[in-house]
Structures are given as C-alpha cells and as structure tokens.
Number of protein chains: 2
Amino acid sequence: MTSDVMTIREMCDAYDVTPRTLRFYESKELLFPIRDGTRRLFTRRDRARLKLILRGKRFGFSLEEIRQLLDLYDRDGSQELQLARTYQVAQQRLEQMERQRAELDEAIAELKDQLAWGEEALAAFRRAAAE
Amino acid sequence: MTSDVMTIREMCDAYDVTPRTLRFYESKELLFPIRDGTRRLFTRRDRARLKLILRGKRFGFSLEEIRQLLDLYDRDGSQELQLARTYQVAQQRLEQMERQRAELDEAIAELKDQLAWGEEALAAFRRAAAE
DNA sequence: CGTCACGTTTACGTCAACGTCAAGCACTCT
DNA sequence: AGAGTGCTTGACGTTGACGTAAACGTGACG
C-alpha cells in the first residue's frame, strides 16, 4: 500500500520471476507497465494479469493462448461471453491434460513392467554369483 | 527374410518413422547403418537399437540419455553392470514421471475447481437473463 | 566526485527433435 | 535421351520461453 505501482524488482520479488521475464511479457503484450521516464512501473492491473499468466502457465496454456484470453477481457465485450469463451478454452485444456495423464499412466505402467523384468534378471545374476 | 539389411524406406514403413528421423539418429550416433555406396543399409543391430530408441522415447528419455544407455551395451562391460545401470536410470526416470503425474493431477484438480467456479458464474448469468 | 546498484535497449543464443527446402546423384523404364 | 523415382548431403527453419551479453543511463550514497 506504499504506492499503487511497483518497480520491476518489487515485482520480481513478489511473484518470483526474473526481470527478463517481465520485459518479455511486456514485449509479448501480456503486460503494459507505465513508464517513469525509461523505467517500468507495474500497476494493479499488471499484477492481476501476471497472476493470471502464472496460473495459466501452471495449467499448461501457452503464452499466446493466455494473451488471447487476456485480450478478451480488455476488449470489454459482454462479461458473459468472455466467461463462456474462457470456460470453453479451459475445458478443452482439461481434456488435453487428462489425455496427457492417461498417456503418462500408460508409460508409467509399462516402465514398471520393465523394471520388474530387470529386477528379476538382476536376481538371476545374484543367484548365479552366490554359488 | 529376403535379406539381412533394410533400406531406409523399408525401415520407415516398418517402424513408422521418417527418413529424416533415421538420418538424424545416425548423425547423433544412435544408429550405424552400413553403406552401399551412398545408400544406407540398416542391419538387425540397427533395428534392435531403433526399437530400444522408440521405447525409450515413450518413457520420456531424451535421445542423449538413450544414446548413453545404448553405448553402455556397446562397450560390452559386464552384463550385470549394464543391467544394473539401466535399472537405476529407469528407476530415476520412473520417479520423475511420478512427480510429473502428481503435478499434473494437482493442475487438473485446480483447473476443475476453476471450471466449477465458472460454471456457477455462468449459471448466475443465465438466471439473470431468465427474468 | 567517484562508484555502486540497478535500470534500460538491442540482439543473438539456447534446447530438442526433427521439418523443410535445395541441389544433385543413381537407377530404371520407355 | 528423357522422365521419373528414390536416395543423398547440407544448411537453415521451427517452437516456446526466456537467458545472456554488450553498452549505456541514472540516482543515491559516502
């Protein structure tokens, strides 16, 4: 509450990102810090956007997808349409993630099989060595 | 059985990879096809290695990791040591994959939460529109 | 007044696993 | 001889999310 805006370093500390990342996000039009001369000052709006960006990344959205969703909210169309669109995109992403999990589970099961096989082979070696 | 070696196209058809992939693997020293003049001829050994490569990829090993494991078998040390080493690497990989799955599960749960929230918000819009 | 510490811009580098040309040889069919 | 097909090498392009280096500015501190 000391002030309404934050410097790049304060942002980095607060959100655990590097300056490079913030500048990169600005260049990609994900953030729009105002300028004090040459320096960036990040507003509440930027902070809200950054939170959404980081959350989106955890969900596996690409920065481009995130940008499109954020733009949706900037163009200030119907709140309901924005929400519906976001909901739809999120649902698709969820499906992707569940497919990913299925594949991962399959691979894990297969790898466990292989490990069991290897364990047995190693046991055979040990038996042979024991005599 | 027509012959012991296969051309690049036969390999591609048999293992569902592109010629580029096979040449790439050769350049990375994962495969060592012999040459008939300028053409590549893939031996049984190459086919065995390719199978291992493709399996390793399903498990999420990088090509470099796969190369190291394959090299292990070429250097022809003790069979037991090779197996033990492979077993160890595979186990580490399994741990990675299970961590991945945990993260993915967490993200999926979080995203489902968000979707539930969005669903409710949309329902509120619809109720508002219904009057 | 010097010198930090932090800020800036621009531009090129990184990593993985190939894809995509471009240009040319080798062989076969007609 | 010409056409077509398949294979070759070599080099650059792709994708995503930044890292890194160079060269410079600027404000605060002692």
Side-chain angles (χ1 to χ4, degrees), chain A residues 2-3 5-43 46 49-70 93 96-97 100 103 107, chain B residues 2-3 5-43 46 49-70 93 96-97 100 103 107:
Chain A
T2 61
S3 93
V5 295
M6 288 170 66
T7 69
I8 200 167
R9 181 115 315 268
E10 288 167 341
M11 289 290 283
C12 292
D13 294 345
Y15 297 97
D16 195 31
V17 294
T18 68
R20 181 67 182 94
T21 298
L22 294 176
R23 287 192 277 262
F24 181 73
Y25 288 172
E26 185 191 8
S27 79
K28 292 289 176 178
E29 306 197 282
L30 289 158
L31 297 177
F32 305 95
I34 56 179
R35 294 308 181 95
D36 168 25
T38 155
R39 298 189 179 168
R40 292 165 175 82
L41 292 177
F42 294 85
T43 65
D46 290 311
R49 292 173 73 94
L50 181 54
K51 281 182 203 167
L52 290 173
I53 294 167
L54 297 177
R55 178 179 302 174
K57 276 175 61 74
R58 277 205 307 282
F59 294 155
F61 289 105
S62 72
L63 290 184
E64 175 56 21
E65 287 172 316
I66 293 169
R67 191 187 61 74
Q68 287 176 21
L69 287 176
L70 288 176
R93 180 61 199 155
Q96 272 182 43
M97 289 171 75
Q100 256 187 54
E103 284 174 31
Chain B
T2 60
S3 95
V5 295
M6 288 170 66
T7 69
I8 201 168
R9 181 112 318 266
E10 288 167 342
M11 289 290 283
C12 291
D13 294 345
Y15 297 96
D16 195 31
V17 293
T18 69
R20 182 67 184 93
T21 297
L22 294 175
R23 287 193 276 262
F24 181 74
Y25 288 170
E26 186 192 8
S27 79
K28 291 290 176 180
E29 306 198 284
L30 289 159
L31 299 177
F32 305 95
I34 56 179
R35 294 308 181 95
D36 169 25
T38 154
R39 297 188 180 169
R40 292 167 175 82
L41 292 177
F42 294 85
T43 65
D46 290 310
R49 293 173 73 93
L50 181 55
K51 281 182 204 167
L52 290 174
I53 294 167
L54 297 177
R55 179 179 302 174
K57 276 174 61 75
R58 278 204 308 281
F59 294 155
F61 288 104
S62 72
L63 290 183
E64 174 56 21
E65 287 172 315
I66 293 170
R67 191 187 62 73
Q68 287 176 22
L69 287 176
L70 288 175
R93 179 63 199 152
Q96 273 183 42
M97 290 171 74
Q100 257 187 55
E103 284 174 32

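Owing to the predicted nature of the structure, the values given are computational and were not obtained by experimental measurement. Naming convention: chains lettered A, B, ... in sequence-line order (proteins, then strands); numbering from 1 in each chain.
Distances were taken from every side-chain heavy atom of B/T18 (C-beta onward) to each of C/dG19, D/dT9, C/dT8; the shortest belongs to C/dG19.
The side chain of B/S27 contributes no N or O atom lying less than 4.0 Å from OP1 or OP2 of C/dC18. One finds no side-chain N or O of B/T38 lying less than 4.0 angstrom from the OP1 or OP2 phosphate oxygen of C/dA26. Residue A/R40 places none of its side-chain N or O atoms closer than 4.0 Å to OP1 or OP2 of C/dG7. Side-chain nitrogen and oxygen atoms of B/R23 include none within less than 4.0 Å of the OP1 or OP2 phosphate oxygen of D/dA11.
Atom CD1 of B/I53 and atom P of C/dC18 are 10 Å apart (whole Å). The distance from atom CD of B/E26 to atom P of D/dC7 is 14 Å, rounded to the nearest whole Å. Straight-line distance from the CD atom of B/E10 to the P atom of D/dG6: 13 Å, rounded to whole Å. Atom P of nucleotide C/dC18 and atom CG of B/D16 are separated by 12 Å, given to the nearest angstrom.
The base of C/dG7 lies outside donor-acceptor range of the side chain of A/R39, with no N or O pair under 3.5 Å. With hydrogens and angles ignored, a donor-acceptor pair under 3.5 angstrom links the side chain of A/R20 to the base of D/dT20.
Nearest-nucleotide mapping onto DNA chain D: of B/R9 and A/S62, the residue sitting toward the 5' end is B/R9. Comparing B/Y25 and A/R35, the nucleotide of DNA chain C nearest to each residue sits closer to the 5' end for A/R35.
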request  = Check step by step if side-chain contact (heavy atoms from CB on, under 4.5 Å) holds for B/L63 and B/Y25.
outcome  = CA-CA 9 Å; B/L63 290 183; B/Y25 288 170; 3.6 Å; yes
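At the heavy-atom level, A/K57 lies under 4.0 Å from the strands shown only through sugar-phosphate atoms.
Ion pairing of B/R39 with B/E10 is absent here, as no side-chain N (NZ or NE/NH1/NH2) approaches a carboxylate O to less than 4.0 Å. Salt-bridge annotation for A/E64 and A/R67: present, with a side-chain N of the basic residue lying under 4.0 Å from a carboxylate O of the acidic one.
Residues B/F42 and B/L50 fail the side-chain proximity criterion, which asks for heavy atoms closer than 4.5 Å.
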